[in-house]
Participant: 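Okay, handing you the structure first.
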Amino acid sequence: MRIKNSWKRIKMSRCIQLTDISGEISSPNYPLEYPGNSTGIWEISARPGYILKLYLIHVEIKWSERCEREYIKVVTEVKELFNVCGRTSHGVSPEFREYFSSTNSMQVLFQSETSNEDRLTGFLALYSRVDINECDIVAHNCSHFYGNKIGSFHCYCSLGFVIHSSGHTCEGKFSFQAVTI
């Protein structure tokens, strides 16, 4: 899904809410030059059981010292994932890099405080929700086997056993008797 940026300026109190499974976000007017003195905020969220992935495809913004005037910033409830203020961030190009949230929400902020005399194009990014593998992070307490499923996990039993009503333990389905011939 392509989000059309039909604004020149967005006040910091307003933002674009994104809840689709995946999508694309970009600076104002992308792929044309972005306007000076513009701000964009995208709040991306997913259902519980998911995290978010942001993939930067293109970054071309004006360098500013300490990222005070021009920047792309990605933050979660827990921490700042990255802050780009120019073509590179700490000597490394941020393009073609994946950034993962640790929760089911993230914010992307774009700030341009000066005029864009250099005719820079801004940025293009793709986002998508990613299922958390609960088997890796939750004490599942499954007595036989377990497997990830979207938004949760499931316990499985060996052949001849059925899952108990607890959903975690297995009990014998058949009772075997010794037969003498």
Side-chain angles (χ1 to χ4, degrees), residues 1-134 136-138 148 150-151:
M1 180 176 132
R2 174 89 168 123
I3 305 293
K4 288 286 185 189
N5 296 316
S6 60
W7 43 268
K8 292 283 185 190
R9 294 182 190 174
I10 287 185
K11 294 185 187 322
M12 292 300 274
S13 61
R14 293 185 56 212
C15 64
I16 298 171
Q17 304 278 331
L18 302 171
T19 57
D20 294 331
I21 294 171
S22 63
E24 182 179 291
I25 60 175
S26 62
S27 53
N29 297 337
Y30 185 85
L32 304 175
E33 65 188 69
Y34 61 85
N37 300 314
S38 59
T39 301
I41 303 171
W42 297 264
E43 274 190 10
I44 307 168
S45 61
R47 296 186 329 213
Y50 292 92
I51 58 172
L52 294 163
K53 175 175 76 170
L54 185 77
Y55 183 68
L56 278 178
I57 294 177
H58 176 79
V59 175
E60 186 181 73
I61 62 172
K62 191 172 185 174
W63 181 86
S64 68
E65 192 170 339
R66 294 187 305 247
C67 296
E68 291 176 351
R69 296 184 181 167
E70 309 269 332
Y71 60 81
I72 303 165
K73 194 179 291 192
V74 176
V75 296
T76 67
E77 296 170 3
V78 180
K79 66 179 181 174
E80 181 177 293
L81 294 179
F82 73 91
N83 191 5
V84 178
C85 45
R87 185 80 171 115
T88 63
S89 180
H90 305 293
V92 177
S93 174
E95 294 177 320
F96 308 114
R97 300 227 10 226
E98 294 178 335
Y99 300 91
F100 291 89
S101 67
S102 56
T103 65
N104 66 334
S105 66
M106 73 169 47
Q107 279 191 339
V108 179
L109 300 97
F110 172 75
Q111 175 70 45
S112 164
E113 284 191 358
T114 59
S115 62
N116 186 1
E117 295 125 10
D118 298 332
R119 304 177 64 93
L120 302 172
T121 57
F123 78 96
L124 174 65
L126 304 176
Y127 71 90
S128 62
R129 69 181 186 190
V130 178
D131 179 46
I132 297 171
N133 186 349
E134 288 82 6
D136 292 341
I137 59 173
V138 174
N148 187 49
I150 297 195

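Throughout, numbering of the chain's residues begins at 1 and tracks the sequence.
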Participant: How far apart are the closest heavy atoms of Pro35 and Asn29, and which atoms are they?
Facilitator: CD-ND2, 3.4 Å

Participant: Just so I know, are the side chains of Gln111 and Glu70 near enough to count as touching, which here means a heavy-atom distance under 4.5 Å?
Facilitator: no

Participant: At their closest point, which heavy atom of Leu52 faces which heavy atom of Ala46, and how far apart are they?
Facilitator: CD2-CB, 4.0 Å

Participant: Backbone N or O of Tyr30 within a donor-acceptor pair of the Thr121 side chain at under 3.5 Å?
Facilitator: no

Participant: How close do Leu124 and Ser26 get, counting heavy atoms only, and between which atoms?
Facilitator: CD1-CB, 4.0 Å

Participant: Who are the ring-ring contact (aromatic ring centres under 6.0 Å, His included) partners of Tyr34, not counting sequence neighbours?
Facilitator: Phe110

Participant: At what distance, to the nearest 0.5 angstrom, does CG of Asn104 lie from OG of Ser45?
Facilitator: 7.0 Å

Participant: Just verifying a value: how many Å separate Glu24 CD and Leu126 CG, rounded to the nearest 0.5 Å?
Facilitator: 6.0 Å

Participant: Regarding Arg119 and Glu33, does a basic nitrogen lie under 4.0 Å from an acidic carboxylate oxygen?
Facilitator: yes

Participant: Listed by chain and number, what are the side-chain hydrogen bond (donor to acceptor under 3.5 Å, both in side chains) partners of Ser105, not counting sequence neighbours?
Facilitator: Glu77

Participant: Please determine whether the number of non-hydrogen atoms from other residues, nucleotides or ligands lying under 6.0 Å from atom CG of Leu32 exceeds 12.
Facilitator: yes

Participant: Taking all non-hydrogen atoms of both residues into account, name the closest pair between Leu56 and Ala125 and its distance.
Facilitator: CD2-CB, 3.8 Å

Participant: Taking the side chain as every heavy atom from C-beta outward, state whether Ile25 and Tyr127 have any pair of such atoms under 4.5 Å apart.
Facilitator: yes

Participant: Does any part of the side chain of Leu81, heavy atoms only, come nearer than 4.5 Å to the side chain of Val75, both counted from C-beta?
Facilitator: no

Participant: Quick check: do Ile72 and Leu109 have side-chain heavy atoms less than 4.5 Å from each other?
Facilitator: no

Participant: Which heavy atom in Gly36 sits nearest to a heavy atom in Ser112, and how many Å separate them?
Facilitator: CA-OG, 3.5 Å

Participant: Compare all side-chain heavy atoms of Glu43 with those of Met106 and state whether any distance is below 4.5 angstrom.
Facilitator: no

Participant: Do Phe100 and Leu54 make a side-chain contact, defined as non-hydrogen atoms from C-beta onward lying under 4.5 Å apart?
Facilitator: no

Participant: What distance do Tyr99 atom OH and Lys53 atom NZ have between them, rounded to the nearest 0.5 Å?
Facilitator: 13.5 Å

